[in-house]
Structure formats: structure tokens, C-alpha cells
There are 2 protein chains.
Amino acid sequence: MNQKIDSLAKILIEKNIKPSYQRIRILQYINENINHPTVDNIFNSLVKEIPTLSKATVYNTLELFEDANLVKVITIEDNETRYDSRVHNHGHFKCESCGSIYDFEVDIDSLVVNSLKYFKINDKNVYFKGICSRCLTPNKFLAKTKIRK
Amino acid sequence: MNQKIDSLAKILIEKNIKPSYQRIRILQYINENINHPTVDNIFNSLVKEIPTLSKATVYNTLELFEDANLVKVITIEDNETRYDSRVHNHGHFKCESCGSIYDFEVDIDSLVVNSLKYFKINDKNVYFKGICSRCLTPNKFLAKTKIRK
DNA sequence: TATAAAATTTATAATCATTATAATATTATT
DNA sequence: AATAATATTATAATGATTATAAATTTTATA
């Protein structure tokens, strides 16, 4: 328990972020809930255990984390910003039926663009939209498979 | 003049959209202003010539156009939705310094993702962020080059 | 052509995520 | 412990988008 908190604190310290209790818990949350939570997801879960938690803190903390490259912002729909603690380059698939977001491996760096030769590229993003296999074949695996949101 | 309006009307009719004056003008605007305008850009320009124009009409019309594949929504920042009348697959580069959005050609279809084999993919998006060449080398071409927003 | 129905546009209010502000609490430093 | 710096909180403000209902325009029908 303490060990877990210590290792999370260590991650923050390495990024020059003071490891307050709130920051540690938010970091823990996004590390344990890798299914692209929204600010609301994070806040509503944590406020149960930290009743004084403010949504502003969640916003502030995520911005800090973003600058420190501890989290990546996923902007697919304009009305829901999501956060991903896996910052290595990968793609996202959003199901237009159930709303789930799936990660997928994709070699984004192989996308070389000649016309951007003299541009400084800081960030490459790939996302797809469509219907996920679960929604395409409902029931099929329902009994066997755990559904993840 | 009438010719132009007629050809725009034709495009709408082909998509089963009734060619009202507002719709024609909005279509015209996004075709002539391909630099990824926002709803505000579109509204503020057109309201000068159509004083009764309502922002709700712009929203409604763009939604219609989106469903008809006459326009593509660009979601890069969560706080600004932009529209692109060029619906063929291409990438977008957003400059973090000046805010400009550049189009670039990229072979998105070459991105084959095995883990999405049983997913129905409707839409593939690629966007980069960074600093554009204009911002990297300011002044350099300033005298010679027209600045485009 | 007159009238009714349908579709579109408009003005306005409501919503909701995010940001800003200022007060309070916590932590670090002397 | 006192003071300064930092972080958190509660609350208000902002602003883009959506919802609603009235007004207008267009279309269909008698």
C-alpha cells in the first residue's frame, strides 16, 4: 500500500511535481483505469474516497500531467476530452455505437510527409471511427467475455 | 453568378438537401474558404450579407452537410470545431504557435491494423501538432509571401 | 389562387464542460 | 513558530453547442 503510493510519488518527483495526496490518487486512477476516462469519470470515482476533492483540482492536475508527459489528451469528439496514461504512440478507435475507445498499435512514425519537411512535428495522432466487433456481433461472446467499457 | 448558385444548388439536390438560400451560401462559403473555418468564422462572414442569419442555422446546416458527406468535422482542439469541405482523406497539421491548420497528403489507407480486423472502420483521421515552417523561420519570407490564416 | 401542411429559419433560453478568481488550507523555509 | 510559497477548494464566469418554440418561407392540395 505504502509501497504503491511511494512509487507513484516517485514518478511525480522525477517530473518535478510535488506529490500531494490528490495528485497521487489521480495518477493512480489514470494508471489503473486505462480505458480513457473523462474528467468526470476521474472526479466521480475519487470524490467517493476524497470528499473534499474539487473538480478544479482534477483539471489542474491533468494539465500538469499533460505538460510532464504523464498523460496524453485524446480529442476525438469535441464534447468529451479523455485522458490516456499510456503516452507511447498508438492509435484510438472509437465505436460510434457503444462509445468505447479501443487502443491499437500502429506505426505512426512510418507516416512520412514530404510537405511537412520544414515543420517541427511534436505530436502525431491517429484515430478511427466505426463499429467495434462487439457491436457488430452482439451476444456472440457475451457469455464468455468480460465487457469492458 | 446564377450559374454558380445553380451548381451549388445542384450539389445539394443530389444529396437530397433542399437548396435554401442559407444552405447555398454556407456551402459556397466552405467551398471558397478551405482554411478550416469555425462556426463563428462562417457566421460572422455571412451575417454581413444575410443580416437575419441565425447561428442555429449554421449549426443545423453543417450537421446536414456532415451527414451528407459534404463537409468533414475536424476535431483537434476540444474547444474549437472546424469544418473542411475537402472530404477526401488527408491529414491535418496544427501549428501550436500561430494556430493555423495545414492540410497534407498522407496515405491513411496504408495504415492497416490487424487488431481491428473484425471492426467496421468508417473514418480514419490523422493529425499532427507542432510548429509550422512560417513560425520556425519568421520574417524570412514575409516580404514575398502572402500570409494565409 | 387561396389555404393548409410541411419544412426551414430565427430568436432565445438552457446546458454543460472548462476556465478564472479569490479564499482557505497545506507545505516548506527562515 | 512565523512567514512565504504552493496547492486545493468553492464558486462564479465564460463560451460553444443544443434545445425549444415562434415566425417565416416553401410546398402541396383543394
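Throughout, protein chains are lettered first and strands after them, A, B, ... in sequence-line order, and every chain is numbered starting at 1. Just so it is clear, the values below take in all heavy atoms, side chains as well, and ignore hydrogens, waters and symmetry mates.
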Check ion pair A:Lys120-B:Glu96 (N to O, under 4.0 angstrom): no

Pairing of B:Asp67 and B:Lys15 as salt bridge, 4.0 angstrom limit: no

Using nucleotides 18-26 of chain C, report all nitrogen or oxygen pairs with the protein that are shorter than 3.5 Å.
unit_1 : atom_1 : unit_2  : atom_2 : d
C:dT18 : OP1    : A:Thr81 : OG1    : 2.9
C:dT18 : OP2    : A:Tyr59 : OH     : 2.4
C:dT18 : O5'    : A:Tyr59 : OH     : 3.1

Send over the distance from [X] [atom1] to [N] [atom2], rounded to a whole Å.
X       : N      : atom1 : atom2 : value
B:Leu64 : C:dT8  : CG    : P     : 8 Å
B:Lys18 : C:dT8  : NZ    : P     : 5 Å
B:Glu77 : D:dG15 : CD    : P     : 17 Å
A:Asn41 : C:dC16 : CG    : C1'   : 15 Å
B:Leu53 : C:dT8  : CG    : P     : 16 Å
B:Tyr21 : C:dT9  : OH    : C1'   : 14 Å
B:Ile42 : D:dA16 : CD1   : P     : 14 Å
B:Leu62 : D:dT18 : CG    : C1'   : 14 Å

Any side-chain donor near an acceptor of the partner, A:Gln28 and A:Arg25, under 3.5 Å: yes

Between A:Asn125 and B:Lys129, a side-chain donor and acceptor under 3.5 Å: no

Which residues share a side-chain hydrogen bond (donor to acceptor under 3.5 Å, both in side chains) with A:Asn44, sequence neighbours left out: none

Aromatic plane relationship, A:His90 with A:His92 - under 30° parallel, 30 to 60° tilted, over 60° perpendicular: perpendicular

B:Gln22 side chain near D:dT25 phosphate (N/O to OP1/OP2, under 4.0 Å): no

Sugar-phosphate, base or nothing in reach of B:Thr52, heavy atoms under 4.0 Å: sugar-phosphate

Sugar-phosphate, base or nothing in reach of B:Ser20, heavy atoms under 4.0 Å: sugar-phosphate

B:Glu66 atom CD: more than 12 heavy-atom contacts under 6.0 Å: yes

Strand DNA chain D as a dot-bracket string - pairs counted if Watson-Crick or G-U with both distances under 3.5 Å, | where the partner lies in another strand: ||||||||||||||||||||||||||||||

Hydrophobic cluster identity match, A:Ile13 and A:Ile24, side-chain contacts under 4.5 Å: no

Close aromatic pair by centroid cut-off 6.0 Å: B:Phe119 and A:Phe104: no

